[in-house]
Amino acid sequence: MADAFTFLHSADLHLGRRFGNLPEALRGRLIEARHQIIARLAQAARDHGARDILLAGDTFDTETPAEATLRQALHAMADDASLTWWLLPGNHDSLGAEALWEDLARQAPGNLRLLTREAPERIAPGVTLLPAPLPRRHAGRDLTQWMTGAATPEGDLRLGLAHGGIQSFSEDTRDEGIIPPDRAQSAGLAYLALGDWHGQKQVGPRTAYSGTPEFEEFRHTGRGACLAVTLRGEAPVVKTVETGTFHWAEAELDLVPGQDAPGVLDALLPPPGAARRDHLLRIHARGRATLEAQQALRAAARQAEPDFAHFRLETAMLDTEITEADLDQLDHGGALRAAADRLAAQAGDPALAESERRIASGALNRLYSYLADDA
Amino acid sequence: MKIRAVTLNDVRQFTRPVRVDGIGDGVNVLSAPNESGKSTLFEAIQYALFVKHTTRPTNKSFTLTPDVGGNPEVTLEIEQDGARLEIRKRWGRQAHAEVWRNGALVAKADEAEARIAALTTPPEKGGPTGLLWVRQGLTEFAEKDAQEKSSRANLLSSVTDEIETMTGGKRMDRALARAREDRDRLVTTRGAKAGGPLDTAEKEVAALSSEAEALSARAARLREALEARRAKRRSLQALTEPDEVALRKQRLEQAQAAFEAADRHAAQLQMAEQRLQNTALTCRTLEDQRAGREKTEAQVAQLARALDEAGARADAAQAKAAAAEATLTDAGKAEQAARADLQRAEAQVQAAQDALIRQENDRRRAALQADLAQAEALAKRLPDLRKAAETGPDAAQLDAIDKAARELAVAQDLAEAAAPRIAFDAAPGAPDLHLDGTPLGPEPRSVPRDTALDLPGLGRLRILPASGDPSARVARARAALAAALQRAGAEAAEGARAAARARIEAGQSLRAASDDLRRLAPEGIDALKAEIARLAPADDAPADAPSLPDAQAARDTARRAEAVSQIATEGARTARDHAREAAIGARHDRDSLARRLEEARAHLATLPEGAGMDDALEAARAALSEARTARDALRDAAPDLDASRAALARAQSVMRGTEEEANALQRELAALDATVGTLSGEGIEETLVDTQARLGRAERMRDALRHEVDVLNALIGALEEAQSSARDRYFEPVLAELRPMLRLLWPGAELRFDGDSLLPVELIRDGRAEAIGTLSGGTREQIALLVRLAFARLLARQGQHAPVILDDALVFTDDERMEAMFDALHAQAGDLQILVLSCRNRALRQLGGTKLGFEEIVPVA
């Protein structure tokens, strides 16, 4: 191969996911963004001079996607006939999903190639692709092993395409299908394009996970992306191309008494502006905070929430630092103070179960909130 | 605050100014009849304190305006913190509000209202009332309206700063109310509030669980279908594998070839077997032919002999048949003769019988002729007899005569019996007397009719029957008898009877003659004559005839002879038939033997000569040996045809079974394709994953709401407990004030308050708790009064004097208890101001205290 060969490496599109764990109002936007990712990948390919888009498994979220999901995806792929999509079965859409692959074979546009066999596939002059399709959801063996002995035309670049975990990167707890990290080396691969891990990960100079082009959960922070890979010379040139619409972030807000809780929260947030509309943010408040600080933190969260596509402040793990001043603010004496003292004692009573302490702490916070509103 | 005087002008019935003055500390009593204005005074005080002067009298709730119209005006003079204040208010036209302090105007209009409000925060604003009153209508502790409830609650929760702090006051109330409100949005006492967020979340969890379960089942069905389809496809693939197909085909062909080879060998063996049998048959035939010729020759000789014998037998039988035919002819003739004899004998018998009949007819005719003579004689007598039988009285007439005769006799007897009797005992020398010409003696005689007795010398003695002379009856009877006799044509009764008897006898004779005539000529005399004529003898009757017994004997003899001849004829016929049959049989035997002999000779002529037959037999036996050897060789080399057939059948079965199985698999795959197509097209797994995610979210929401309920319950519990504890501490001083007053009425009594409503709920007397609602009206009003006194006392101790106004508050209380109440009032009066308004003059006479009254204010000229 005389010239450089550039292709797009992506995986884990999980088309058909519906985001039932998120608020109803948000789901439509997320589903639409997921569908649009095909066009975004096509655009990324065009932008980087790639004619081939390698999808390393889990293009579909389930083995039996809805007809609409399938058809619309195929139409989107067919939209630019100059591009070729190379589809590898992953664990979510393994070859065990016979109906899916039969439908794909029946309906696939001309620029969609299904990689359903462990057989070398020449995808371009001087470039041979060695796919490792998943025969079933859990392969139970290293599917890339055959690449080592696979014969390819003399002088061809050998590309590996596989779906599964390498060492601890697997998102699945099953370890039967672990891919050796040195497979690229052992099989003489110019590049091993991997899928399964939704975050991007460069495993070695010639091995990488592209990550999902559009995140769908808080496990990874940021926007989804793909990789534009150019094979030229010894090492491939791998470039990250951001493709995701939504920015996902999950952060911990560690508080200590005396901190400016709203200020700390504000520091975690992206700058105010229209971009916040595409942000999904989940913040776990931890540590300890006074009643007043918690009150202020919640107020700040309520203030910020409408800016975002999704914003959630979790305070379940935030302990209440009960100070005399806070209690005095409730009342110096009398029944209210007596009630607050009692709740404070319960919140800090090690003899009580954690759940009971949290209930007492919540009740005290609520009392504080009521009286603050009443003031 | 203490009230010192109240002035009213244009207030209800007070269209002219009145004033109540001199209201002192302690107990003050305004005792006046009903409708005198006590309640008006009470309400005027309230208006002065709580109703702004800007309130229009046209307002429905404004009640001070007199019926005749006007602008109500109230002046309230009070003492507050050592100063004398005057609150002057007027509503309606020229409405105003003023506050005067120690004779100086210190505030007007709104400023005045503000000062007044500061004295007594009205109940609706949550402040202390400044007044404690008891009206007859307010003795009940039930919360009649929101204002009353608010008044009580606020009164109790803000009696003092200390109590405010202790109970949390309004902040506590609001916090508690918010917590309850927040909780009540989520749950009720029975669980999640219908339609509330928790209920919605729980329902959503349940619905999503159910949906997820259904989807899981459908997804499982899809997976099962997919798995089944994979398995079927594998099976079909295995069946249609080319190597497998070729192997099955090869096996079938091998089995087919083996079977065909075995079948051909079996056919060869069968042919060898057939040849062997044919050769053996030829041998046996030749042997049989040689034995047959010998046998046929013997048979021909035997048949020739038998034919000779049969010819002789046939001739003898023919002769015998001819003799029997002659015998039969003779017997026939004898039989015909006997039959002619019999006919003649029978003719004789007939002739004898005819003679006997003719004799009988003659006898009969003679008898009939005698009968005819008698009958004709009787027929002649019948008219006379019939006439005699109709002459003379009949039975009815005779009966009438008898009756008339008996009546006459009776009448006569009666006349006789009724007639005077007369007797005459003549004196010596007296002349005889005669009655009706008969001497009259001592024997009495009846004198039935007017009779005259001549008494010689004396005249005539007339004897007259008494009135009702029976002789008249006699005369009527006699006349009746005469009439009856006349109708019967008789002159006397006896004659009538004789004539009647003669009639009867004539009738009897007539019947006897008629009977005889019918017996003699039942069909009539003409018929009798005809019968006689029919029996007349024929003109051609033979002159003589044999006797019947002789004729019959001759006939019997002839009959027997005829029978014998018949038997003989029959026997001859039978013998002739037998002989004829025997002759025929003999001829048949002879002819049969002749035929058989001819056949045997013909057959013999067809048989080969002996030498050629021996050569042919030898050659056949050699061929037989050769065929047997060939057959045995083939049999020893024969393959197992059954085994090869079974192998072929099995190979064919395998092919057939494989084909059927493949067809079945294809059908099942088509069905599974349809199932998979349907289910997978619906995106079940996508929906399932989504539903499970939504379920997780809904569960988190539900758990969060449950946690929220726990938090709110914990808060409410803590607040309620703290408040309850504070109230207990708060009620203690109230109860301390109340207790001595209660015990004036009921020794040892206690009153229990409700922590929420702050109202008394139970009175404990003699260790027994009684709900307030169950107490008598008097007891309830007494408790109401004492409770207010206790609060007033408590307020007073805090430096907040609140006048207690009792407006007919003790209407149900009896006089004895009234005394005790008075004691309580006086005991508590101390530094309290108590204003008692009542119409019970007599009862209140013992109360003591300052007496008050309405005084008209005379305008100063």
Side-chain angles (χ1 to χ4, degrees), chain A residues 14-24 27 31 60-70 92 96-100 102-103 136 316 330-344 346-347 355-356 358-371 373-375, chain B residues 162 164-172 174-176 178-179 182 208 219 222-223 225-227 229-230 233 673 676-677 679-697 700 704 707-708 710-727:
Chain A
H14 287 278
L15 298 173
R17 184 161 286 193
R18 298 187 190 173
F19 306 96
N21 58 329
L22 290 169
E24 185 78 40
R27 291 177 203 161
I31 291 169
F60 296 97
D61 192 48
T62 65
E63 294 186 342
T64 55
E67 186 72 15
T69 304
L70 182 70
H92 278 256
E98 289 178 348
L100 169 62
E102 283 169 5
D103 286 347
R136 65 193 70 84
L330 290 173
D331 215 336
H332 290 282
L336 275 174
R337 179 58 182 266
D341 286 344
R342 181 184 172 211
L343 291 172
Q346 288 175 345
S355 59
E356 291 177 279
R358 293 211 171 278
I359 287 170
S361 174
L364 186 57
N365 268 288
R366 187 58 54 88
L367 178 59
Y368 189 90
S369 164
Y370 286 162
L371 295 179
D373 292 347
D374 198 34
Chain B
E162 181 184 356
E164 169 83 15
T165 302
M166 191 183 297
T167 61
K170 290 180 288 296
R171 290 181 76 214
M172 166 68 90
R174 282 193 290 271
L176 201 45
R178 273 194 70 180
D182 287 349
L208 287 170
L222 173 59
R223 290 197 172 283
L226 286 168
E227 188 53 44
R229 189 171 70 170
R230 268 195 292 276
R233 280 181 173 168
D673 282 343
V676 169
L679 293 174
S680 62
E682 295 172 359
I684 289 172
E685 289 187 311
E686 278 180 20
T687 310
L688 174 60
V689 170
D690 178 57
T691 304
Q692 286 168 337
R694 284 161 59 204
L695 174 60
R697 176 179 163 77
R700 285 193 296 278
H707 179 74
E708 173 79 355
D710 291 340
V711 165
L712 290 169
N713 277 332
L715 175 57
I716 291 165
L719 292 175
E720 285 178 342
E721 188 179 312
Q723 192 180 48
S724 175
S725 175
R727 278 185 185 141

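In what follows, chains are A, B, ... by sequence order, proteins preceding strands, each numbered from 1.
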Looking only at heavy atoms, what is the nearest atom pair of [X] and [Y], with distance?
{"X": "A/Asn21", "Y": "B/Ala693", "answer": "N-CB, 3.3 Å"}
{"X": "B/Leu226", "Y": "A/Glu98", "answer": "O-OE1, 4.4 Å"}
{"X": "B/Ala714", "Y": "A/Ile359", "answer": "CB-CG2, 3.7 Å"}
{"X": "A/Ala338", "Y": "B/Ala722", "answer": "CB-CB, 4.0 Å"}

Just give me the residue among [options] that pairs up with chain A most often, heavy atom to heavy atom, under 4.5 Å.
{"options": "B/Glu227, B/His707, B/Arg223, B/Arg233", "answer": "B/Arg233"}
{"options": "B/Asp182, B/Asp673, B/Thr691, B/Asn713", "answer": "B/Asp182"}
{"options": "B/Glu720, B/Arg700, B/Glu708", "answer": "B/Glu708"}

Rounded to the nearest 0.5 Å, how far does [atom2] of [Y] lie from [atom1] of [X]?
{"X": "A/Arg18", "Y": "B/Thr687", "atom1": "CZ", "atom2": "OG1", "answer": "3.5 Å"}
{"X": "A/Tyr370", "Y": "B/Leu715", "atom1": "OH", "atom2": "CG", "answer": "6.5 Å"}
{"X": "B/Arg178", "Y": "A/Arg366", "atom1": "CZ", "atom2": "CZ", "answer": "8.5 Å"}
{"X": "B/Asp690", "Y": "A/Thr62", "atom1": "CG", "atom2": "OG1", "answer": "11.0 Å"}

Which atoms of [X] come close to chain B, meaning under 4.5 Å heavy atom to heavy atom: side chain ones, backbone ones, both, or neither?
{"X": "A/Leu70", "value": "neither"}
{"X": "A/Leu343", "value": "side chain"}
{"X": "A/Ser361", "value": "neither"}
{"X": "A/Ile31", "value": "neither"}
{"X": "A/Phe19", "value": "backbone"}

Worksheet item: Does some side-chain heavy atom of B/Leu222 sit less than 4.5 Å from a side-chain heavy atom of A/Glu63?
Response: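 No - every pair of side-chain heavy atoms lies 4.5 Å or more apart.
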Discussion item. Do B/Arg697 and A/Pro23 make a side-chain contact, defined as non-hydrogen atoms from C-beta onward lying under 4.5 Å apart?
Written reply: yes
Discussion item. With chain B as the partner, which of A/Arg27, A/Glu24, A/Arg337, A/Glu356 has the greatest number of non-hydrogen pairs under 4.5 Å?
Written reply: A/Arg27
Fill in: Contact origin within B/Gln692 toward chain A - heavy atom pairs under 4.5 Å
neither
Fill in: Contact origin within B/Leu719 toward chain A - heavy atom pairs under 4.5 Å
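Both backbone and side chain of B/Leu719 come within 4.5 Å of chain A.
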